Structures are given as structure tokens and as C-alpha cells.
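Input: a single structure, listed below in C-alpha cells.
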Amino acid sequence: MKKWLIPVIIIIGFIVIGIFWSVGVKNGAISKNQAVAKAWGDVETSYQRRNDLIGNLVKTVQGAADFEKSTLTDVIEARAKANSVQVNAADATPEQLEAFSRAQSNLMGSVNKLIGNVTVERYPELKSNQNFLKLQDELASTENEIRTARTRYNERVEEYNNHILRFPNSILLGEYKEKAFFNSSEGADKPVDVEFDFN
């Protein structure tokens with residue numbers, strides 16, 4: 001073998017290794033980006049399930065003829081506002097996620113007010129209505145699903161961000177942008193005031 005051929009083979013070997021490495025980095029970014037999109041889809045699915053349950057809850061409560069219409073109107077309006085806030089996981093900003101979270105929090109505040117009004121003694125027929133009780137349980141279960149889906153979304157975002165921001169991956173993945181985490185709602189860090197009305 002000629003001596004000049006050895007350095008050429010070594011250089012070609014490094015080039016081939018570099019190509020395979022860069023392909024692996026790019027494919028890894030694509031996989032992690034898809035994992036983030038799937039995790040966001042799971043978040044949206046959980047919110048959609050809650051939204052559907054709230055619609056059924058409103059219909060059940062509307063059956064009580066003397067129930068306050070203003071409380072139902074608040075829930076219906078909050079539900080419409082929550083549905084109007086759309087987020088695309090591919091380019092979600094912290095501001096978009098905050099708006100989404102705020103709309104969902106407002107919706108649950110209205111639902112909690114609705115449920116709180118139902119549980120007072122004036123509505124014994126609703127308190128014993130099996131559909132209403134089942135919907136309450138399903139809403140509680142769905143809130144747990146939402147928490148889990150949001151946690152998994154943040155885990156996927158962390159994996160993706162670590163992959164694209166680490167050196168030397170960041171050199172090859174300049175076109176990939178860091179994704180925003182799903183943070184808690186504004187005011188979630190403050191303790192909740194619990195009041196019991198025994199009248």
C-alpha cells in the first residue's frame with residue numbers, strides 16, 4: 001500500500017464518521033420534536049375531554065329550572081373563551097402557553113363556582129342526581145389526566161431543548177428553536193383560601 005493512501009483513507013474515514021454523526025443529530029432532533037408534538041396533543045386531548053364533560057355538566061344543571069342563569073352563563077362564556085385560545089406546539093411561546101393556561105384556569109374557576117352553587121341545600125335534586133355526581137367524579141379524574149399530560153409535555157420539551165442546545169449539536173441544529181415549558185397558572189404559588197359555609 002502506498003504511503004500517501006493512508007492519510008487519504010483516514011480523512012475519508014473522518015468525513016464518513018462526521019456525516020453519520022450529523023445525520024444522527026438531525027434525526028434525533030426530529031424524533032424529539034415529534035415527541036414534543038405528541039405530548040402536546042395529549043395535553044389538548046385531556047383538555048378536550050374536560051371541555052366535553054363541562055358541556056354535559058352544564059346540560060345536567062340546566063335541568064334544574066330555578067338554577068341561577070348567571071352562573072351557567074359564566075361557565076358557557078368561559079368555555080367559549082378557553083376554546084378560542086389555540087396553541088401550536090411547534091412554535092409555542094411562553095406567552096401563548098400562559099394565555100392558554102389562564103383561559104383554562106378561568107374556565108375551571110367558573111366550573112368550581114357552578115359546582116359550589118349546586119352543592120348548597122337549595123338544590124337537593126341535583127346533589128342526588130347520579131349524572132351530576134358521575135360528571136363531578138369524571139371532572140376530578142380529568143384534572144389528574146391534565147396534570148399528568150402537562151408534566152409529560154414538559155419532560156419532552158426538556159429532552160428536546162437539551163438535545164438542540166448542547167454543544168456540538170447546537171452547531172448543526174441552528175434552525176431548531178428552543179420550546180417553551182408549560183408553567184403553572186398565575187397565582188398558583190399562593191395558598192388557597194378555603195371557606196366553609198355551614199348556613
Side-chain angles (χ1 to χ4, degrees), residues 1-55 78-109 138-190:
M1 184 185 287
K2 298 182 180 176
K3 287 188 177 189
W4 63 267
L5 197 55
I6 293 173
V8 171
I9 292 172
I10 291 172
I11 291 171
I12 291 172
F14 277 120
I15 291 172
V16 169
I17 289 170
I19 290 171
F20 279 113
W21 173 77
S22 63
V23 167
V25 168
K26 291 264 188 184
N27 287 341
I30 291 168
S31 295
K32 291 180 188 313
N33 191 34
Q34 290 301 310
V36 170
K38 181 199 175 297
W40 180 251
D42 293 343
V43 169
E44 289 184 319
T45 299
S46 297
Y47 277 114
Q48 183 61 51
R49 181 175 192 274
R50 179 175 75 181
N51 191 27
D52 295 343
L53 288 171
I54 290 170
R79 184 175 177 227
K81 285 179 187 171
N83 285 337
S84 70
V85 179
Q86 300 296 316
V87 176
N88 181 354
D91 57 3
T93 64
E95 294 79 19
Q96 290 172 326
L97 290 178
E98 172 60 30
F100 183 85
S101 185
R102 192 173 32 252
Q104 295 296 331
S105 293
N106 289 341
L107 173 58
M108 280 317 291
E138 287 190 37
L139 272 174
S141 170
T142 301
E143 288 306 307
N144 288 331
E145 286 179 24
I146 288 170
R147 258 189 306 282
T148 300
R150 286 173 57 158
T151 300
R152 288 183 181 151
Y153 170 78
N154 281 345
E155 289 169 357
R156 299 301 167 262
V157 167
E158 179 185 27
E159 291 172 11
Y160 168 85
N161 286 346
N162 284 337
H163 184 75
I164 67 160
L165 296 174
R166 280 191 184 132
F167 183 81
N169 294 4
S170 58
I171 295 170
L172 289 173
L173 301 173
E175 73 273 14
Y176 287 83
K177 303 298 179 216
E178 186 175 359
K179 295 194 183 293
F181 286 97
F182 210 128
N183 296 316
S184 62
S185 304
E186 189 176 321
D189 56 336
K190 295 178 178 56

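All of these numbers come straight from a predicted model, not from anything done at the bench.
Partners of T142 under the side-chain hydrogen bond (donor to acceptor under 3.5 Å, both in side chains) rule, at least two apart in sequence or in another chain, are R49. Take N144 and apply the side-chain hydrogen bond (donor to acceptor under 3.5 Å, both in side chains) test, not counting sequence neighbours, and it matches R147. For N106, the side-chain hydrogen bond (donor to acceptor under 3.5 Å, both in side chains) test picks out no residue, with sequence neighbours left out. Residues passing the side-chain contact (heavy atoms from CB on, under 4.5 Å) test with N51, sequence neighbours excluded: Q48, R79, N83. With sequence neighbours left out, the side-chain hydrogen bond (donor to acceptor under 3.5 Å, both in side chains) criterion links E143 to R50. Evaluation of the side-chain contact (heavy atoms from CB on, under 4.5 Å) rule for R152 yields T148, E155 as partners, not counting sequence neighbours. Scanning for ring-ring contact (aromatic ring centres under 6.0 Å, His included) contacts around Y160 gives an empty result, with sequence neighbours left out. Y176 pairs by the ring-ring contact (aromatic ring centres under 6.0 Å, His included) definition with nothing, not counting sequence neighbours. Scanning for salt bridge (Lys or Arg N to Asp or Glu O under 4.0 Å) contacts around R156 gives E159, with sequence neighbours left out.
For the atom pair CG (D42) and CZ (R150), the distance works out to 14.0 Å, reported to the nearest 0.5 Å. Considering CZ of F167 and CG of L172, their distance stands at 9.5 Å, rounded to 0.5 Å. Taken from OG in S170 to NE2 in H163, the straight-line distance is 10.5 Å, to the nearest 0.5 Å. Once rounded to the nearest 0.5 Å, the distance linking CD of E145 with CG of L139 reads 11.0 Å. Once rounded to the nearest 0.5 Å, the distance linking CD of E44 with OH of Y153 reads 9.5 Å.
L53 and E138 make their closest contact through CD2-OE1, 3.2 Å (heavy atoms, listed as atom of the first residue, atom of the second, distance). E158 and F181 make their closest contact through N-CE2, 3.7 Å (heavy atoms, listed as atom of the first residue, atom of the second, distance). Listed here is the closest heavy atom pair of A103 and K81: CB-O, 4.3 Å.
Side chain of T45 to main chain of G41: a donor-acceptor pair is present (N/O by atom type, distance under 3.5 Å, no hydrogens or angles).
The side-chain heavy atoms of Q104 and V85, taken from C-beta on, include no pair separated by under 4.5 Å.
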For residues 29-37, dump all side-chain donor-acceptor pairs below 3.5 Å to protein atoms at least two apart in sequence or in another chain.
{"from": "S31", "atom 1": "OG", "to": "N27", "atom 2": "O", "distance (Å)": "3.1"}
{"from": "N33", "atom 1": "OD1", "to": "K179", "atom 2": "NZ", "distance (Å)": "3.0"}

Side-chain donor/acceptor pairs under 3.5 Å, residues 7-25, sequence neighbours excluded:
{"from": "S22", "atom 1": "OG", "to": "G18", "atom 2": "O", "distance (Å)": "3.2"}
{"from": "S22", "atom 1": "OG", "to": "I19", "atom 2": "O", "distance (Å)": "2.9"}

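Within the structure, salt bridge (charged side-chain N to carboxylate O under 4.0 Å, His left out) pairs that include any residue of residues 165-177 comprise K26-E175 (at least two apart or interchain).
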